[in-house]
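Report on the structure given below.
Note that this is a predicted model, so its numbers are computed, not measured. So that the names make sense, note that chain A is the first sequence line, chain B the second, and so on, each numbered from 1.
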Amino acid sequence: MNRTLEHILPRVQKPARYTGGEYNAVVKDRRKVDVRYALCFPDTYEIGMSNLGMRILYGVMNEMEGVWCERVFAPWGDMEEEMRREGILLYGLESGDSIADFDLIGFSLGYEMAYTNVLNMLDLAGLSLRSEERDSLTPIVVAGGTCAYNPEPLAPIVDLFVLGEGEEVSQEIIHLYRKAREECWSKEEFLAAAAQIGGVYVPSLYEVSYQADGTLAEVIPQEGAPAIVTKRIVQDFDKSYFPVKTIIPSTEIVHDRVMLEVFRGCIRGCRFCQAGYAYRPVRSRSPETLLRQGIEACKDSGYQEMTLSSLSTSDYRPLEHLCDGLLEWCEPNKVSLSLPSLRADNFSLGLMERVQHVRKSGLTFAPEAGTQRLRDAINKNVTEEDLLRSCRTAFSGGWSSVKLYFMLGLPTETDEDVLGIADLAEKVYKAWKEVTPNPKRGVNITVSTAWFVPKPHTAFQWEPQITMEEYLRRVKLLREHMRGRSIRYNWHDSQTSFLEAVLARGDRRVADVIETAWRDGAKFDAWSEYFDFDRWMAAFESCGVDPAFYANRSREKDERFPWDVTSVGVSKAFLWRERERAYEAVITPDCRVQCTGCGANKLHVGGKCDA
Amino acid sequence: MHRLAFSKADTAKFISHLDLMRTFQRAFLRAGIAIKHTEGFNPHAFVSIPLPLSVGFSSSCEVLECQVLNTPLEEVPQRMNAALPAGITVQRCYDGGRPVKELAYVNYIVTLEYETGAPFGAESAIQNLLSRPALVVEKRSKKAKSGKVEVDLIPLIARATVEEGRDTIAMDLVLKAQNPGLNPELLLTAIRANCPDAAPDYASIHRRAVLNPQFQPWA
């Protein structure tokens with residue numbers, strides 16, 4: 001261990017986050033590897049280590065001969081202070097080596113509020129922030145993840161973006177990088193060649209111009225780069241890499257359990273949901289594969305908790321069959337199984353009894369909106385009766401804690417819809433009173449509302465976010481109508497949601513704002529300890545950028561969006577059609593009832609969709 | 001009851017006591033070694049570490065108590081070492097041993113490091129400090145109303161030798177282990193407060209041995 005590091009660690013909180021050395025951490029011989037990859041997560045260790053994508057890419061790259069992939073997380077403020085004072089550069093957890101000398105530095109971008117941490121980590125590594133200021137082939141700064149579907153706010157920072165699933169394309173980039181180094185290519189030559197790899201977007205190869213009203217005019221690709229970069233998917237998900245053997249942290253992390261990924265994509269088509277569109281088409285793993293992987297992962301990790309992960313677990317066709325198989329092994333081995341992401345419409349008693357076996361935690365449902373009209377408008381095909389039936393099932397099974405998630409500010413929302421949330425909570429309370437076997441124990445109903453943030457590549461990408469004053473008015477309205485001691489109401493902070501709305505649909509001009517805010521001290525913006533709204537507003541002001549232009553503006557049908565240079569496989573025409581149906585409050589049936597023709601099936605060789 | 005003698009070094013120094021317990025429970029499962037669980041609604045592995053080590057200390061004499069059910073004891077070290085994170089090494093696994101109440105003293109090696117060499121007179125200043133009839137320091141306390149109590153360290157120090165090296169001063173200490181015990185951090189606090197010129201830039205603390213009332217190794 002580095003001596004300086006050893007000296008500073010006793011002074012920081014939770015030092016085990018900064019040491020590496022965990023079980024299954026991959027340590028290779030420096031002399032026997034020729035490519036060093038820093039896999040960075042722009043948030044704390046506890047959050048980054050809970051990310052399944054990180055574990056998959058870590059495993060995939062470390063299986064490659066001659067490649068050593070290491071993990072890097074954002075140090076918390078106290079550690080950052082010590083590192084800067086002692087002159088310790090950001091290092092890979094496995095080797096302790098400074099990542100400035102690595103060949104590739106890849107960031108996983110899961111949420112917009114982590115953008116300033118990307119800048120901060122580059123700075124902590126001793127690197128220049130802007131792509132154009134880093135002129136050598138080494139290191140190449142890569143970014144992927146959900147936020148890469150609108151890469152523009154970080155376009156001047158990142159050398160290349162990877163769109164979609166990274167299992168294959170990460171390897172292709174490494175192969176090309178090796179070739180570039182052997183043949184002494186310049187960074188520009190490498191990037192021009194990388195732009196020819198499917199799913200790779202090289203922002204420096206696109207010339208962007210704006211119209212007088214501030215909207216995009218033209219985006220002109222250079223050097224043969226594709227006009228639209230389409231995301232990559234893993235074709236055979238059943239056979240694709242799953243990290244059965246994975247790092248087991250020596251300190252507690254957020255999701256400290258075996259995560260079994262049952263399928264990718266979603267059949268539902270909720271109109272606000274970016275993941276629901278961006279992860280299409282649906283591809284599943286067979287129950288046999290999952291059973292094998294789940295048992296092996298438990299044995300190798302020593303975890304006594306397993307969870308099934310997907311966007312909507314109850315839509316996995318052989319779910320009961322899978323649960324039976326898993327429980328047959330889990331019960332005698334004292335491993336508890338949890339099933340998040342269950343939908344209120346097909347939540348079954350059988351399923352509940354299965355998960356109840358081990359431990360009875362709270363239940364969470366996300367009706368998203370308070371009235372049927374609005375739920376239809378957002379295509380959340382859950383009825384009030386579905387929800388109440390599921391709650392009754394749970395309450396009569398002995399559950400006494402339910403969380404209900406909603407959004408405020410959805411397109412077409414009226415005060416009636418807002419008050420519908422209070423009504424629904426009240427009905428859930430009455431349902432509990434009717435069926436509970438132990439009325440004396442009481443019930444906890446927690447209602448949480450988030451402020452709707454319109455996201456790229458969704459049916460609501462054209463929509464304005466309502467103003468902050470209006471959002472706060474609706475919160476107040478709802479708060480005044482929440483009755484009963486058993487019902488708790490939480491609402492999401494307005495300032496972060498507003499900034500998220502700006503960053504989510506930002507263009508390249510927003511990059512200056514991000515950099516200005518960071519220079520003024522912004523980092524860990526997803527953490528209330530650090531987030532400072534005034535700092536951000538000052539940054540917008542000094543850059544001459546109007547945040548309302550991005551957050552609160554209603555877009556024209558044919559406006560060219562900053563993220564139109566990327567494609568998730570779902571056509572813009574389909575999304576517009578979905579938007580029109582939203583305004584008519586007409587639902588679109590899920591992909592199993594009928595193919596909706598979104599276009600994502602074309603990503604599959606042969607054009608088949610496994611919904 | 002069985003005992004595992006293990007050491008904790010390098011990166012593992014920074015694993016906290018609670019995390020270490022969790023790490024061991026998982027390592028037993030990974031190694032396929034069944035251990036006795038508590039009975040009741042939520043059974044959990046029955047493991048305990050009699051004398052928790054502070055975060056950042058290294059040790060070559062840690063002990064974990066548990067009940068191994070299905071494995072020959074001589075196989076335990078090798079199987080556990082394959083399942084534990086870097087820096088934790090099980091040396092042996094044995095049956096019985098002396099009761100925890102006989103664990104009377106701990107031998108610590110405290111190395112005081114000075115970036116520009118040990119200051120002149122630091123060694124004797126520390127010597128003098130330790131030979132005072134009483135050395136009272138303030139200690140945080142959860143029980144006391146003020147959140148602080150005053151402790152006299154001298155009765156808790158059984159033996160102490162101080163030796164000067166090139167850039168370091170090494171203290172070889174035998175301190176009371178429990179009821180009450182003395183954490184060597186408190187001695188460092190006393191040095192910083194009473195002889196600031198001898199205050200080190202950094203101190204590393206190593207637990208070398210645990211001893212019985214007769215100063216013989218406790219196991």
Side-chain angles (χ1 to χ4, degrees), chain A residues 1-27 45-46 79 82 86 93-96 245-253 256-258 295-305 331-336 357-361, chain B residues 8-35 37-45 54-58 79-89 111-115 167-168 184-185 188 200-206:
Chain A
M1 229 184 142
N2 174 305
R3 268 177 65 85
T4 320
L5 190 61
E6 212 166 313
H7 287 186
I8 65 175
L9 285 180
R11 296 199 289 260
V12 304
Q13 288 175 48
K14 303 187 194 167
R17 300 182 281 189
Y18 307 117
T19 60
E22 306 93 322
Y23 179 70
N24 275 344
V26 177
V27 175
Y45 177 91
E46 295 93 312
M79 181 63 176
E82 296 283 352
E86 299 289 336
L93 282 184
E94 279 72 4
S95 66
K245 232 180 129 54
T246 187
I247 295 173
I248 311 306
S250 307
T251 181
E252 211 168 10
I253 59 170
D256 214 2
R257 55 189 74 100
V258 169
I295 293 171
E296 279 178 33
C298 277
K299 282 184 179 166
D300 188 75
S301 62
Y303 275 136
Q304 288 186 286
E305 239 187 294
E331 276 169 349
N333 288 286
K334 300 190 172 69
V335 171
S336 69
H357 263 294
V358 218
R359 216 165 285 186
K360 201 174 285 184
S361 54
Chain B
K8 194 168 178 257
D10 302 322
T11 50
K13 285 197 301 195
F14 298 101
I15 302 176
S16 70
H17 175 65
L18 221 60
D19 286 335
L20 186 68
M21 303 276 274
R22 207 178 355 248
T23 296
F24 263 104
Q25 290 175 27
R26 285 178 187 155
F28 278 116
L29 287 164
R30 298 197 279 261
I33 298 173
I35 54 167
H37 278 62
T38 57
E39 311 208 337
F41 196 69
N42 287 325
H44 58 270
S54 296
V55 175
F57 292 14
S58 59
R79 281 166 67 175
M80 285 301 281
N81 289 338
L84 281 163
I88 302 175
T89 316
T111 312
L112 311 178
E113 298 180 19
Y114 302 88
E115 271 160 30
D167 296 328
T168 59
E185 288 278 12
L188 292 172
D201 297 307
Y202 175 73
S204 72
I205 301 174
H206 176 69

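Side-chain contact between Met1(A) and Lys13(B) is absent, with no heavy atoms from C-beta onward closer than 4.5 Å. Residues Asp256(A) and Arg26(B) meet the side-chain proximity criterion, which asks for heavy atoms closer than 4.5 Å.
With chain B as the partner, the residue from Pro15(A), Pro249(A), Gly20(A), Cys298(A) showing the most heavy-atom pairs under 4.5 Å is Pro15(A).
Taking CD of Glu6(A) as the reference point, atom CZ of Phe14(B) lies at 5.5 Å (rounded to 0.5 Å). Between atom CG of residue Asn333(A) and atom CG of residue Leu29(B) there is a gap of 8.5 Å, rounded to the nearest 0.5 Å.
Smallest separation of non-hydrogen atoms from Arg30(B) and Asp300(A): CD-O, 2.9 Å.
Heavy atoms closer than 4.5 Å to chain B are found in the side chain of Ile248(A), but not in its backbone. The contact between Leu84(B) and chain A is made entirely by backbone atoms, counting heavy-atom distances below 4.5 Å. With a 4.5 angstrom heavy-atom cutoff, Thr23(B) touches chain A only via side-chain atoms. Contact annotation for Ala34(B): neither backbone nor side-chain heavy atoms come within less than 4.5 Å of a heavy atom of chain A. With a 4.5 angstrom heavy-atom cutoff, Glu252(A) touches chain B via backbone and side-chain atoms both. Proximity to chain A is limited to the side chain of Glu113(B), based on heavy atoms less than 4.5 angstrom apart.
Side-chain atoms of Asp19(B) and Ser250(A) include no donor-acceptor pair closer than 3.5 Å.
With sequence neighbours excluded, no residue forms a ring pair (Phe, Tyr, Trp, His ring centres under 6.0 Å) with Tyr23(A).
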